[in-house]
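Only one structure is covered here, and it is reproduced in the block below.
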Amino acid sequence: MTYVKNLICKECGKEYPIEKRSTCEDCFGPLDVRYNLSKIAENVNPDIIETRTKSIWRYKELLPVDISLEHVEINVGYTPLKKCEKLGSILGLKNLYIKDDTVNPTGSFKDRPASVAVTKALEWGLPAVGCASTGNLAGATAAAASNVGLPSYIFIPEGLATGKIISALAYGANVIEIKGTYDRTNRIANLVSDKKNWGIVNINIRPYYVEGSKTITYEICEQLGWNVPDRIIVPLGSGALLVSANKALGELRKLGWVKNATTKICGSQPEGCSPIVTALTTGNPNIIPVEQPTTIAKSLAIGDPASGYETKEIIKRTGGWGDAPADQEIIEAQLLLARTEGILSEPAGGSVIASLQRKVRSGEVDSDEVVVLYITGIGLKSTEVIAPFLNEPISSDGNIDVIEAILA
Ligand SMILES: *Cc1c(COP(=O)(O)O)cnc(C)c1O
Ligand SMILES: [Zn+2]
């Protein structure tokens, strides 16, 4: 039983059946999955959802797969929404929350979209799956594929943190490292997968992939007692996560599961790769691609973001902002989170915290707003980034007196 209606082109409105297709044949616009929301509202409600298993599949009616069939099951989602008193008081906020997606099975929110897309590929009987990855999607796709016994082909640009590559290899993936940027990797993965009948989760089955990301926002609202936050701050790579947040909030409103209040949707990109934020701050109607991203926040180093334009429009429409901190601020914020809340995030998390800090200072965030930071990936895969900013361990031959003297 599924409540999926069809695919619809976000540009021209042309409709398609649910099939392996990611762009409109008339206008090349991106396709979006639509649901029969009134049917869902008749059959499901928050009370029912609250009784269910604590994973993304508790929102199964709002996902484009049939989980009565074989599906990816590695315990993804229902991650903590943590009220941060200490970090909040440092930043000057009374109601600051962190959505801690570092605790997903492969350490990032990418487990959500990868689980849904790989499940769809399995349902369709595709021979293999894969992705073009800035790092985290590699492990997420590889783990989901191995869980359901599908081979995986992971395309990555050169220069990623070794922890991200090694984990994909450990899950049994075939990893193909392409010279050059992520955008080049993406084009090549697209060409190869066209020839084979592979499901490349974030390319040729992208409409299904992005649906998985909605679950992080459903959870936030559920964890706030079926209320929407006043403001969310989302790290931007392709922009898909932010677009999915907007869609999730819209669906919950239409279902009547949350009040009709608006949420200001804000985005953060590192200064060295900020095509969306630049378009917002300069008022340029177009997103101008960044040819050579230069940032330590590799997960966000997408120079030509697939959902860039839509992301910019959502931020404007909801009264949010875009912000682009420097790498130095990102690392400091990453360490601030680790040292106040005990959560070691990767630079993407540092980016949203640094942006919030800058915007509180400039008076663009009120101290009593309910603010949720999307902390999307764990820091343990990319420790080389922060290592240069940390003290060396104290080295000792074991002489107690000397150790005591050093630590005095
Ligand atoms: C992929 C990724 C993002 C960005 O997601 P998009 O949907 O591409 O915008 C943010 N944070 C982390 C940790 C990621 O891996
Ligand atoms: Zn179209």
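Start at 1 and go down the list; that is how both ligands and their atoms are numbered.
- Ligand-side atoms of ligand 1 in range of G237: 4 (C), 6 (P), 8 (O), 9 (O), range being under 4.0 angstrom from any heavy atom.
- Cation-pi check for K359 over W321 is met; the charged atom lies under 6.0 angstrom from the ring centroid and within 45 degrees of its normal.
- Aromatic ring centroids of Y59 and Y218 lie under 6.0 Å apart.
- Listed by number with element, the atoms of ligand 1 under 4.0 angstrom from any heavy atom of E346 are 13 (C).
- The SG atom of C12, the Zn ion (ligand 2) and the SG atom of C24 define an angle of 110° (nearest 10 degrees).
- From the protein, the heavy atom lying nearest to atom 10 (C) of ligand 1 is L300 CD2, 3.5 Å.
- Residue, atom and distance of the protein heavy atom nearest to atom 12 (C) of ligand 1 are T376 OG1, 3.3 Å.
- Proximity to A240 (heavy-atom distance under 4.0 Å) selects the following atoms of ligand 1: 6 (P), 7 (O), 9 (O).
- Using a 4.5 Å cut-off on side-chain heavy atoms (C-beta onward), I56 and S115 make contact.
- For the pair I302 and ligand 1, the shortest N or O to N or O distance does not fall below 3.5 Å.
- Side-chain contact between C24 and L31 is present, with at least one heavy-atom pair separated by less than 4.5 Å.
- For the ligand labelled ligand 1, residue S108 lies outside the 4.0 Å heavy-atom shell.
- Put simply, the side chain of P275 does not reach to within 4.5 Å of the side chain of P289, judged on heavy atoms.
- The contact set between ligand 1 and K110, taken as ligand atoms under 4.0 Å from a residue heavy atom, comprises 1 (C), 2 (C), 3 (C), 5 (O), 14 (C), 15 (O).
- You'll find the side chain of E123 stays beyond 4.5 Å of the side chain of E70, heavy atoms only.
- Close approach of ligand 1 to G377 is summarised as follows: ligand atoms under 4.0 Å from at least one heavy atom of the residue are 13 (C).
- Comparing heavy-atom distances from atom 6 (P) of ligand 1 across S238, G349, S307 singles out S238 as nearest.
- In this pair, W198 and F155 present their aromatic rings tilted. The plane angle is within the 30 to 60° band.
- With a 4.0 Å cut-off on non-hydrogen atoms, N136 touches ligand 1 through its side chain and not its backbone.
- Under the 4.0 angstrom criterion for non-hydrogen atoms, F109 is in contact with ligand 1.
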>> As a quick check of understanding, evaluate ring-ring contact (aromatic ring centres under 6.0 Å, His included) for Y78 and W57, giving each step before the final call.
In response: CA-CA 9 Å; Y78 212 79; W57 302 126; over 10 Å; no
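- Side-chain N/O atoms of D66 and T2 include no donor and acceptor closer than 3.5 Å.
- With a 4.0 Å heavy-atom cut-off, ligand 1 is reached by no atom of L242.
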>> Assess the residue pair R231 and V365 against the criterion (side-chain contact (heavy atoms from CB on, under 4.5 Å)); give the C-alpha distance rounded to whole Å, side-chain angles, the decisive distance to 0.1 Å, and a yes or no.
In response: CA-CA 9 Å; R231 184 185 299 277; V365 179; 3.8 Å; yes
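- Ranking the protein heavy atoms by distance from atom 7 (O) of ligand 1 puts L241 N, 2.9 Å first.
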